[in-house]
Structures are given as C-alpha cells and as structure tokens.
Amino acid sequence: MTASGKARRACALLKVGRGQPARPMVENRPLFGYWAILMPHFRGVLLPPQNRTDESIQWTWTETTDHDAISSTELATIRKRLAGAQQSLADSLED
C-alpha cells in the first residue's frame, strides 16, 4: 500500500526475441500456462497474465500513477505474501 492507501500494481513484460531473457518454463511449457493451477494460491499477490497484440506476455496489470520508490516495508509485505502463496501451493500438491 502507498501513503495514499492505494495498492501498488507493477507490470512485468516478457518479450519474445533475440537478446531477451528466456521465458520461465516448466516442463517445456511457459510458466504462465500454469495460471489455472497457480491462481487459487497466488491471486492475492499476482493478477492473471494478459496477452498483448505485440506478442509479449504481460504477467500483471499496470503500475499506479504515483512513481514513488517501493519501500522496504512494502517489499517485505510482498515477500511474506509470496511465501504464504508458495506454501499454500506446496501444501496442496502434497494432498
């Protein structure tokens, strides 16, 4: 959350092409192809991937208009939420 009380949303673009980092893959499928499995655990932290017309994949939504630096407190909160989501996924795989 920002000082104004609005949640921050960041955008990550995964572009195709030479000189671009490899897309995250699991068993020869792109990671975002597993969103149906990941969503119940990570939807509180990540928004669904979006296909764009320029062939890139946008994992989350757009960033808010205030461009203040993310505080260490905000990053710590995100890490905790991601760790909780990861544990939830791991627990469901054990079942």
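Note that the structure is a prediction, hence the values are computed from the model and not measured.
A pairwise comparison of heavy atoms in Ser88 and His41 identifies OG-ND1, 2.7 Å as the closest pair.
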Using atom types as modelled, flag every donor-acceptor pair under 3.5 Å from a side chain in residues 24-31 to any protein atom, sequence neighbours excluded.
unit_1, atom_1, unit_2, atom_2, d
Arg29, NH2, Gly33, O, 2.8

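The distance from atom CG of Leu75 to atom NZ of Lys80, rounded to the nearest 0.5 Å, is 12.0 Å. The distance from the CG atom of Leu82 to the CG atom of Leu46 is 6.0 Å, given to the nearest 0.5 Å.
Partners of Gln87 according to the side-chain hydrogen bond (donor to acceptor under 3.5 Å, both in side chains) rule, which considers only residues two or more places apart in sequence or in another chain, are Asp91. Under the side-chain hydrogen bond (donor to acceptor under 3.5 Å, both in side chains) criterion, Thr77 pairs with no residue, sequence neighbours left out.
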